[in-house]
There are 2 protein chains.
Amino acid sequence: MVKRPTLADVAAEAGVSRALVSIVIRGVPGASDATRERVLAAAAQLGYRPDARARLLRSSRSRLLGVVFDVDGPFHTEILEALYPAAAALGYDITLSARGHRRSEGEAIRSLLDLGVEALLVLGPASPSDALAAQPAPVVSVLEPHTDPRLSSAATDEAAGIALAVKHLRGLGHSRIAHVDGGTAAGSEARRLAYEQLMAEDGAQPLVIPGGPNETDGMKAARELLALRVGRPANELPTAVVVFNDDAALGFLHELDAAGTAVPSELSVVGYDDSRLAALAHVQLTSVRQEPDAIAAAAVEAAAAALEGRRTHTLVPPSLAVRSSTAPLAAVAR
Amino acid sequence: MVKRPTLADVAAEAGVSRALVSIVIRGVPGASDATRERVLAAAAQLGYRPDARARLLRSSRSRLLGVVFDVDGPFHTEILEALYPAAAALGYDITLSARGHRRSEGEAIRSLLDLGVEALLVLGPASPSDALAAQPAPVVSVLEPHTDPRLSSAATDEAAGIALAVKHLRGLGHSRIAHVDGGTAAGSEARRLAYEQLMAEDGAQPLVIPGGPNETDGMKAARELLALRVGRPANELPTAVVVFNDDAALGFLHELDAAGTAVPSELSVVGYDDSRLAALAHVQLTSVRQEPDAIAAAAVEAAAAALEGRRTHTLVPPSLAVRSSTAPLAAVAR
DNA sequence: AAACCAGACTAGAACGTTCTAGTGAAGATG
DNA sequence: CATCTTCACTAGAACGTTCTAGTCTGGTTT
């Protein structure tokens with residue numbers, strides 16, 4: 001249990017003042033190359049590491065970003081991992097605070113502010129804009145698009161994601177495409193509106209089946225779709241469905257399977273999120289993939305911009321992970 | 001952007017010294033009830049919150065625990081959420097650091113030490129014991145049992161978990177129970193040994209099929225089991241299987257399904273982890289459930305004990321989530 | 001040769017707490 | 001009545017950095 005070396009120890013070892021060691025360690029101008037080298041050697045020899053507490057306390061700029069994430073937020077951990085290099089690239093550090101059933105967003109935010117973060121990155125914020133805007137540090141809403149001019153945001157371009165799905169299906173020959181929406185879940189409205197607009201542009205009849213973010217919501221939606229078939233001619237029924245997210249799509253698929261409807265030969269299904277579930281061998285769900293690296297980079301840039309007074313709202317285009325839940329329109333279904 | 005109030009502001013407001021405010025805020029003895037009330041009122045009125053940086057820098061005891069978790073570690077987020085209340089109960093605070101493909105365990109640990117944590121809780125440590133033991137703060141290995149006397153640990157009692165699974169199956173009438181192991185994955189050896197011991201106690205023939213932690217490992221194991229059936233009498237074949245974890249069990253189920261083997265009527269299957277996957281509607285996998293609250297509490301207690309020089313190694317008993325992948329031994333299989 | 005300048009370096013204050021070592025008053029003990 | 005003890009409270013140092021406001025040296029300009 002030896003005490004860790006401090007600036008003063010390094011200064012003594014190198015025969016200079018503490019202030020000069022600080023200058024060298026931070027890499028700011030004000031030291032000659034010769035002493036710079038000598039100081040770095042002394043630091044390395046003693047195994048010196050700057051004390052984050054003292055640094056945070058004293059610096060005018062802490063260069064620390066606070067990240068609030070949800071313990072079971074889909075996609076949150078992917079973003080987390082991408083945030084570390086993204087922040088490092090702009091010279092920022094990151095500290096985390098989890099939100100969950102037993103720990104509110106407010107608590108998570110307060111603990112970060114107590115540590116002196118310069119800005120807050122909130123993944124899928126649950127608080128209303130007013131609460132976020134009232135924080136004493138700039139807030140970046142990540143994964144959840146916002147247009148509030150008091151906030152910044154970095155999120156997936158939901159409209160582009162839905163467009164990818166719909167255009168993929170059209171390319172396979174599908175024209176009657178339905179949408180299972182996300183109910184009141186975050187992003188649901190944006191995705192539904194994008195779907196409706198795409199249908200309108202094509203002169204196609206939209207069919208929105210009410211859904212939700214969970215497996216059971218998808219199951220319910222599937223039963224509703226199956227019930228539609230009764231007494232309708234086949235050429236009015238959808239041949240493809242874009243479901244709000246992978247969880248719901250999984251329930252949807254399960255219910256189709258139980259009813260004996262074959263995927264993709266009778267019905268093509270697209271999910272959203274490209275979660276772990278979508279890639280499972282027995283699922284193989286075509287899904288809209290959000291780009292964690294791009295979103296993380298945009299989020300950190302938004303934070304940096306906000307610290308200079310500029311609020312930015314970035315939409316990151318998603319991509320499509322094509323698997324075997326979608327297939328060309330079969331002759332039987334025409 | 002008003003500056004946040006400090007101890008000095010509260011002291012001025014209440015007409016006492018900074019030191020006394022510190023005493024009141026920390027709730028330590030040394031102030032009369034009357035002034036205590038007055039100080040708290042002043043603090044509340046100003047919206048005072050202690051500055052974590054100054055506090056960490058100055059205190060002899062930071063009462064801060066550093067948690068290293070894996071961005072895609074199964075079960076890690078469940079533990080995370082449980083750790084907050086568990087730590088609070090013992091008067092500790094928690095700070096997080098993520099490990100991932102692009103951020104090593106060492107980096108995660110160093111950043112926590114720079115912040116002045118008193119002890120490290122490492123979820124599913126990847127570093128060798130020697131590296132962990134060499135850290136300047138006590139290390140608690142969480143979710144990964146350890147017997148190294150230089151470390152502490154809090155993990156699930158793997159033997160008890162396997163016993164739960166095996167006894168559940170025996171209770172259903174199964175006597176020929178196979179095990180798909182986890183290969184080199186953490187915990188695999190402990191689970192396999194427990195299985196073999198249980199078989200020996202019952203005078204039963206063990207059948208260990210080599211597997212691994214992933215879906216594809218489970219698929220491979222299933223093909224191996226199916227191949228065994230060729231040229232063997234039915235009364236020598238297993239009627240139930242305990243698989244290393246849920247991921248592998250999922251692949252295992254998928255392959256059985258493809259081969260037309262019915263679960264649970266022809267073969268009962270038990271998983272391990274009770275992950276989100278196991279509860280999915282079309283999976284409904286009986287699975288050994290680790291207890292996050294109990295593990296988290298044990299981990300924090302281990303940290304507290306380690307700070308007093310006592311290393312503890314706690315094994316937390318799991319429970320069994322019974323679903324429909326297991327059923328009484330059918331007449332056909334006898 | 002006086003005046004200026006840039007660069008390298010330093011002394012000491014400051015950040016907001018907690019800790020140490022007290023002070024002063026009121027009551028208890030001999 | 002002198003001496004201890006306890007309690008409520010305070011002054012000021014300390015934690016390890018960064019920041020401000022310098023000083024000193026040696027070279028360049030007037």
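Letters A, B, ... mirror the listed sequences (proteins, then strands); counts begin at 1. The structure presented is a predicted model; accordingly, all values stated were derived computationally and were not measured.
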Rounded to whole Å, please give me the gap between [atom1] in [X] and [atom2] in [N].
X        : N       : atom1 : atom2 : answer
Leu7(B)  : dT10(D) : CG    : C1'   : 14 Å
Ile25(A) : dG16(D) : CD1   : P     : 15 Å
Ile23(B) : dC7(D)  : CD1   : P     : 14 Å
Leu20(A) : dC19(D) : CG    : P     : 15 Å
Arg4(B)  : dC15(C) : CZ    : C1'   : 13 Å
Arg18(A) : dG12(C) : CZ    : P     : 10 Å

side-chain hydrogen bond (donor to acceptor under 3.5 Å, both in side chains) between Gln290(A) and Asp274(A), intermediate numbers included: CA-CA 7 Å; Gln290(A) 309 195 53; Asp274(A) 191 30; over 6 Å; no
From [X] [atom1] over to [Y] [atom2], what is the distance, rounded to the nearest 0.5 angstrom?
X         : Y         : atom1 : atom2 : result
Glu78(B)  : Leu83(B)  : CD    : CG    : 12.0 Å
Leu123(A) : Phe69(A)  : CG    : CZ    : 8.0 Å
Leu315(B) : Ser153(B) : CG    : OG    : 6.5 Å

Short side-chain N/O contact to [N] OP1/OP2 from [X], under 4.0 Å:
X        : N       : value
Ser17(A) : dT10(C) : yes
Lys3(A)  : dC15(D) : no
Arg26(B) : dC19(C) : yes

Considering only residues two or more places apart or on different chains, which pairs with a residue in residues 15-40 of chain B satisfy salt bridge (Lys or Arg N to Asp or Glu O under 4.0 Å)?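 Applying salt bridge (Lys or Arg N to Asp or Glu O under 4.0 Å) to every pair that reaches into residues 15-40 of chain B, excluding sequence neighbours, yields nothing.
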Quick one, Tyr92(A) and Arg61(A) - any side-chain contact, counting heavy atoms below 4.5 Å?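 Side chain of Tyr92(A) against side chain of Arg61(A), heavy atoms only: contact under 4.5 Å found.
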Checking side-chain hydrogen bond (donor to acceptor under 3.5 Å, both in side chains) for the pair Ser97(A)/Arg103(A): CA distance, chi angles, key distance, verdict? CA-CA 10 Å; Ser97(A) 193; Arg103(A) 193 163 190 262; 2.9 Å; yes
For the helix from dA1(C)-dT30(D) to dG30(C)-dC1(D), what is the angle between the axes at its two ends, each from 5 pairs, rounded to 10°?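 The end-segment axes of the helix from dA1(C)-dT30(D) to dG30(C)-dC1(D) are tilted 50° relative to each other.
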Report, one pair per line, the protein and nucleotides 21-26 of chain D atoms (nitrogen or oxygen only) whose separation is under 3.5 Å.
none

According to side-chain contact (heavy atoms from CB on, under 4.5 Å), who are the partners of Ser59(B), at least two apart in sequence or on a separate chain?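 Per chain and number, Ser59(B) pairs via side-chain contact (heavy atoms from CB on, under 4.5 Å) with Arg55(B).
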Run the numbers on Ser152(B) and Thr312(B) for side-chain hydrogen bond (donor to acceptor under 3.5 Å, both in side chains), then give the verdict. CA-CA 5 Å; Ser152(B) 301; Thr312(B) 62; 4.8 Å; no
Which is it for Ser319(B) and Glu291(B) under the side-chain hydrogen bond (donor to acceptor under 3.5 Å, both in side chains) test, yes or no, and what are the steps along the way? CA-CA 7 Å; Ser319(B) 58; Glu291(B) 302 289 349; 2.7 Å; yes
Residue-level proximity of residues 35-66 of chain B to DNA chain D when a heavy atom falls under 4.0 Å: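 Thr35(B), Leu57(B), Arg58(B) - these, ordered by number, are the residues of the stretch whose heavy atoms sit under 4.0 Å from the strand.
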Need one value for Ala19(A): base, sugar-phosphate or nothing, where a base atom within 4.0 Å counts as base even if backbone is also close, heavy atoms only.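 Since a base atom lies under 4.0 Å of Ala19(A), the category is base.
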For Arg49(A), does its backbone N or O pair with a side-chain atom of Arg4(A) as donor and acceptor, under 3.5 Å?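 It does hold such a pair.
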Report, as yes or no, whether the 6.0 Å neighbourhood of atom CZ on Arg311(A) holds more than 12 heavy atoms from other residues, nucleotides or ligands.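 Yes, because the 6.0 Å sphere around CZ of Arg311(A) holds more than 12 heavy atoms from other groups.
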Using a cut-off of under 3.5 Å, enumerate the N/O to N/O pairs linking the protein to nucleotides 4-6 of chain D.
none

Can you identify which nucleotide, out of dT18(D), dC9(C), dT10(D), has its nearest atom closest to the Ser22(A) side chain?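 In terms of side-chain proximity for Ser22(A), the closest of dT18(D), dC9(C), dT10(D) is dT18(D).
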For Val21(A), which of Val24(A), Ile23(A), Ile25(A) qualifies under side chain to side chain contact (heavy atoms under 4.5 Å, CB included)?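 Testing each of Val24(A), Ile23(A), Ile25(A) against Val21(A), the sole residue satisfying side chain to side chain contact (heavy atoms under 4.5 Å, CB included) is Ile25(A).
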Passes salt bridge (Lys or Arg N to Asp or Glu O under 4.0 Å), Arg102(B) versus Asp293(A)? Steps please. CA-CA 12 Å; Arg102(B) 292 177 282 189; Asp293(A) 285 356; 3.2 Å; yes
